[in-house]
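Convention: sequence-line order gives letters A, B, ...; per-chain numbering from 1.
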Number of protein chains: 2
Amino acid sequence: MNEIKILIVEDDPLIAADIEQCLNNIDFQVSSVVYNTEDAVHQLEKNTPDAVLLDINLGEITDGIDIADLINKKFQLPFLYITSHADRQTIERAKKTQPAGYIIKPFDERDILAGLEIALYNYSQRKNITQPVLSYTQINKHLSRTLSEREFEILQAIYDGKTNQQMAESLFVSVNTVKTHITNIYLKLDVASRTSAIARIRGWI
Amino acid sequence: MNEIKILIVEDDPLIAADIEQCLNNIDFQVSSVVYNTEDAVHQLEKNTPDAVLLDINLGEITDGIDIADLINKKFQLPFLYITSHADRQTIERAKKTQPAGYIIKPFDERDILAGLEIALYNYSQRKNITQPVLSYTQINKHLSRTLSEREFEILQAIYDGKTNQQMAESLFVSVNTVKTHITNIYLKLDVASRTSAIARIRGWI
DNA sequence: ACTATCATCACCCCTAAGTATGATTTTGAA
DNA sequence: TTCAAAATCATACTTAGGGGTGATGATAGT
């Protein structure tokens with residue numbers, strides 16, 4: 001059984017029930033169903049869910065997008081819009097809140113399943129990323145003389161704090177070869193040491 | 001006119017044409033339509049798009065999820081799946097590639113508009129997260145034996161790619177002193193070189 | 001007053017890192 | 001086929017980085 005708790009914000013009781021039914025079918029727990037902003041805030045504070053499904057039009061002055069703003073400011077939870085509003089203006093406003101998804105009514109169980117699974121997974125991954133991965137193309141975008149793939153491998157190893165000896169072993173080449181590659185990398189990056197190479201590419205990744 | 005270029009990977013020519021039509025209607029440029037993995041890779045390399053729409057089932061050994069893996073490894077572009085496969089197994093595999101969205105067929109112009117707009121916006125926002133500066137307290141949170149302020153200064157200089165000589169000059173101390181500090185930093189960080197020190201703290205900032 | 005931490009410096013030794021130069025082989029594009 | 005780039009390796013040299021040990025004065029906490 002899934003322990004993931006979802007908060008539903010939807011002013012139409014019929015649709016709310018429908019969403020709730022879907023969530024039950026796909027083994028998500030509904031932490032609460034609320035019909036307005038005030039209750040939504042209350043639930044977010046007292047019974048913090050793992051993710052939120054937001055209707056945009058709530059028939060009051062504040063709407064789902066305002067709630068999204070609040071989630072970003074105070075709670076930092078993943079949320080998805082479920083709405084029938086798919087016009088440019090609404091999407092334009094909605095995207096600025098960086099939602100994890102945008103499900104357009106009439107929705108389908110699978111839309112919610114896929115949307116939530118991806119939202120939750122992405123959220124959990126992003127929470128513990130700080131290790132930015134080097135990208136070959138990303139680095140080369142900044143260079144007139146581009147790195148070869150082998151050189152890029154070496155640069156990655158330097159970035160990971162490896163010694164020349166370790167690189168030689170893991171790449172099955174001699175230390176001399178590693179040194180040659182490094183010399184060429186330094187030429188292209190216009191640096192003269194490992195640490196300055198790392199500092200140089202830091203802004204690029 | 002929108003200059004955003006989208007790559008479509010879809011093996012069914014009818015659906016591909018349909019997607020292309022949708023993109024045109026909502027003012028996105030189609031950079032290319034490809035039917036298999038090989039062409040997809042080629043397009044990614046030669047005519048890098050701003051985002052990718054991926055069908056999962058391509059009727060070959062490799063599928064859209066493999067292409068997604070490749071995008072993450074080498075290109076780091078936002079991508080959305082457009083597929084009729086919405087079973088748990090597929091979603092489970094797909095979510096691991098951290099897609100920006102998952103559009104289930106039969107799709108609708110608005111699904112694509114909302115999905116792409118949000119994907120592109122989120123991507124652009126996440127890209128310019130400013131490189132966090134080293135923070136003294138942040139580093140020490142992770143250490144049992146904390147760095148002194150002087151040691152932290154030295155660590156910053158290492159992080160910036162400075163040599164011991166340069167540090168000695170800018171801090172008005174002897175190179176020997178710098179070395180002593182560095183030795184102590186290494187002890188506390190449990191590393192044995194500048195580069196591994198940088199790699200170690202990378203996860204903390 | 002005693003102790004711990006910090007910042008400072010010195011000297012020795014050793015190795016990893018970096019520089020210079022040159023060579024061979026493979027491969028892919030013109 | 002020819003040419004250029006890439007990957008491989010070698011040898012020799014220089015230097016920066018790192019390990020070990022020990023010492024001194026300053027400061028702050030118990």
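One can place CG of A:Leu171 at 15 Å from C1' of D:dA6, the figure rounded to the nearest angstrom. When rounded to the nearest whole Å, the span between CD1 of B:Ile154 and P of D:dG17 equals 12 Å. Between B:Glu149 atom CD and C:dT8 atom P there is a gap of 12 Å when expressed in whole angstrom units. Atom-to-atom, NE2 of A:His181 to C1' of C:dA17 comes out at 16 Å; the value is rounded to the nearest Å. Distance A:Glu151 CD to D:dA6 P: 7 Å, rounded to the nearest Å. A:Lys179 places its NZ atom 12 Å from the C1' atom of C:dA20, with the value rounded to the nearest Å. As a whole-Å value, the separation of B:Asn184 CG from C:dA7 P is 9 Å. Separating the CZ atom of B:Phe152 from the P atom of C:dA7 is a distance of 13 Å, rounded to the nearest angstrom.
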Problem - Working for side chain to side chain contact (heavy atoms under 4.5 Å, CB included), residues A:Asn57 and A:Thr83 - result: CA-CA 8 Å; A:Asn57 193 327; A:Thr83 182; 5.7 Å; no
Exercise for the section: Give the C-alpha distance, both sets of side-chain angles, the deciding distance and a yes or no for side chain to side chain contact (heavy atoms under 4.5 Å, CB included) between B:Val173 and B:Val178. Expected result: CA-CA 7 Å; B:Val173 295; B:Val178 173; 3.9 Å; yes
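Mapping A:Thr183 and B:Lys188 onto DNA chain C via the closest heavy atom, the residue that lands nearer the 5' end is B:Lys188. Each of A:Ser148 and B:Thr195 has a nearest nucleotide on DNA chain D; the 5'-most of these lies closest to A:Ser148. Projected onto DNA chain C by closest heavy-atom contact, A:Ile158 and A:Thr180 fall at different nucleotides, the more 5' of which corresponds to A:Ile158.
Summarising the geometry of B:Asp11 relative to B:Gly59, their closest heavy-atom pair is OD2-N, 3.7 Å, with the distance given to 0.1 Å. The minimum heavy-atom distance linking A:Ile112 with A:Ile19 is given by the pair CD1-CG2, 4.3 Å.
Side-chain proximity of A:Thr177 to the nucleotides D:dT8, C:dG18, D:dG19 is greatest for D:dT8. When the nucleotides D:dA10, D:dG18, C:dG18 are ranked by their closest atom to the side chain of B:Arg194, D:dG18 comes out on top. Candidate nucleotides D:dG17, D:dC9, D:dG18 were compared by shortest atom distance to the side chain of B:Asn164, and D:dG17 ranks first.
Within the structure, a side-chain polar atom (N or O) of B:Arg150 is placed less than 4.0 Å from OP1 or OP2 of C:dT8. One finds a side-chain N or O of A:Ser174 lying less than 4.0 angstrom from the OP1 or OP2 phosphate oxygen of D:dA10.
Residue B:Asn176 is classed as a base contact, given a heavy-atom separation below 4.0 Å to a base.
The distance from the CD atom of A:Gln165 to the OG atom of A:Ser174 is 9.5 Å, given to the nearest 0.5 Å.
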